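Note that the coordinates shown come from a computational prediction; the quantities given were computed from them, not determined experimentally. Quick note: residue numbers are just sequence positions, from 1.
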Amino acid sequence: MLENVKSFASHFFVTGDPLIYGADVSIGLTLLAILFVLTYFKKWGLLWREWLTTVDHKKIGILYIFSAFLMLFRGGVDALLMRTQLAVPEFQFMQPDHYNEIFTTHGVIMILFMAMPFMFGLFNVVVPLRSGPGT
Ligand code: HEM
């Protein structure tokens with residue numbers, strides 16, 4: 001039974017790699033921490049009314065920039081992994097294929113999910129302010 005579940009899961013998830021398990025656990029813990037903070041400080045209503053449903057261009061710009069910073073962190077973790085691998089010659093920190101994957105995710109995340117939302121965020125904040133009254 002357990003073997004069936006494992007072989008089914010290994011089609012969709014990378015299993016057996018401690019780095020992946022570490023990432024999974026930190027995603028779970030971070031999610032729980034966010035849910036706890038929002039509930040404990042009673043900020044769900046504020047989050048929904050003031051941010052998620054806002055039509056204020058400056059707040060929307062800040063949301064773009066916030067997600068750009070999250071992705072900077074995500075791409076930065078990739079950068080740290082690459083730096084660790086390259087710190088010492090012939091270091092066996094990652095498999096060569098894994099290094100190539102991290103290289104690709106770092107590049108894609110930094111350009112598409114960090115640099116572009118960051119620019120869109122700045123545009124969203126600045127352009128309406130510069131294009132006349134009515135904001
Ligand atoms: C705005 C976009 C990007 C930012 C802010 C960024 C940032 C960084 C940072 C901070 C490091 C760590 C450097 C170090 O500790 O030595 C790094 C490493 C690296 N980045 Fe990027 N990166 C960006 C885009 C890219 C792209 C598009 C690629 C390639 C497709 C790329 C490939 C690499 C590689 C190969 C390393 C490891 C090099 C090394 O550590 O010696 N990066 N990046």
Side-chain angles (χ1 to χ4, degrees):
M1 174 63 188
L2 190 64
E3 284 309 309
N4 285 345
V5 173
K6 271 190 191 164
S7 85
F8 179 76
S10 64
H11 284 95
F12 300 101
F13 304 105
V14 179
T15 49
D17 185 337
L19 281 177
I20 302 280
Y21 288 139
D24 287 346
V25 170
S26 42
I27 290 170
L29 290 178
T30 309
L31 203 66
L32 283 178
I34 292 171
L35 294 179
F36 175 77
V37 167
L38 284 172
T39 309
Y40 187 80
F41 293 103
K42 298 188 168 59
K43 296 292 180 200
W44 284 104
L46 178 106
L47 179 71
W48 181 253
R49 279 190 310 277
E50 301 285 327
W51 291 98
L52 296 183
T53 57
T54 184
V55 288
D56 177 343
H57 72 93
K58 279 177 271 180
K59 283 192 165 174
I60 294 172
I62 289 168
L63 288 174
Y64 269 116
I65 293 168
F66 179 75
S67 39
F69 274 109
L70 281 185
M71 285 297 157
L72 179 71
F73 174 77
R74 170 64 180 79
V77 173
D78 286 345
L80 282 178
L81 291 172
M82 286 191 288
R83 186 91 298 265
T84 309
Q85 171 61 44
L86 297 173
V88 185
E90 309 292 339
F91 197 15
Q92 298 292 320
F93 178 62
M94 283 187 261
Q95 300 296 320
D97 282 357
H98 193 189
Y99 180 87
N100 290 346
E101 289 162 8
I102 301 274
F103 180 101
T104 306
T105 53
H106 171 79
V108 170
I109 285 171
M110 284 301 198
I111 296 300
L112 292 186
F113 300 117
M114 195 286 287
M116 291 176 68
F118 190 68
M119 284 194 310
F120 295 152
L122 291 179
F123 299 159
N124 232 83
V125 171
V126 171
V127 172
L129 292 179
R130 302 304 301 158
S131 60
T135 51

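- No continuous path of hydrophobic side-chain contacts links L38 to L46 [ILVMFWY only; heavy atoms under 4.5 Å].
- Residues V77 and I111 do not share a hydrophobic cluster, clusters being chains of Ile/Leu/Val/Met/Phe/Trp/Tyr side chains in contact below 4.5 Å.
- A79 approaches H106 most closely through the heavy-atom pair CB-CE1, 3.6 Å.
- Atom CZ of F66 is surrounded by 12 or fewer heavy atoms from other residues, nucleotides or ligands within 6.0 Å.
- I109 and F118 fall within the same hydrophobic cluster, defined by Ile, Leu, Val, Met, Phe, Trp and Tyr side-chain heavy atoms under 4.5 Å apart, directly or through other members.
- Residues D78 and R74 are in side-chain contact: their nearest non-hydrogen atoms beyond the backbone lie under 4.5 Å apart.
- Of the inter-residue distances, the one linking Y99 atom OH with T84 atom OG1 reads 10.5 Å to the nearest 0.5 angstrom.
- P128 and F123 get closest at one heavy-atom pair: CD-O, 3.8 Å.
- Taking OG of S67 as the start and CD1 of I62 as the end, the distance is 12.0 Å to the nearest 0.5 Å.
- Contact annotation: the side chain of N124 never approaches that of F120 to less than 4.5 Å [non-hydrogen atoms, C-beta and beyond].
- K59 NZ to L52 CG: the interatomic distance, rounded to the nearest 0.5 Å, is 11.0 Å.
- Residues M110 and L72 form a side-chain contact, since some pair of their non-hydrogen atoms from C-beta on lies under 4.5 Å apart.
- Considering all non-hydrogen atoms of both residues, L35 and T39 come closest at O-OG1, 2.7 Å.
- Put simply, the side chain of L112 does not reach to within 4.5 Å of the side chain of M71, judged on heavy atoms.
- Between I20 atom CD1 and D24 atom CG the span is 7.0 Å, to the nearest 0.5 Å.
- Under a hydrophobic clustering in which Ile, Leu, Val, Met, Phe, Trp and Tyr are joined whenever their side-chain heavy atoms come within less than 4.5 Å, directly or via other members, F113 and L122 fall into the same cluster.
- A distance of 12.5 Å separates CD1 in I65 from CG in L70, rounded to the nearest 0.5 Å.
- Atoms NZ and CG, from K42 and L47 in turn, are 16.0 Å apart once rounded to the nearest 0.5 Å.
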ask   = Between F93 and V88, is a side-chain contact (heavy atoms from CB on, under 4.5 Å) present by the stated rule, with each step listed?
value = CA-CA 10 Å; F93 178 62; V88 185; over 6 Å; no

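- The hydrophobic clustering, which links ILVMFWY residues whose side-chain heavy atoms are closer than 4.5 Å, places F91 and L81 together.
- Annotation: W44, atom CH2; neighbour count of heavy atoms from other residues, nucleotides and ligands within 6.0 Å is above 12.
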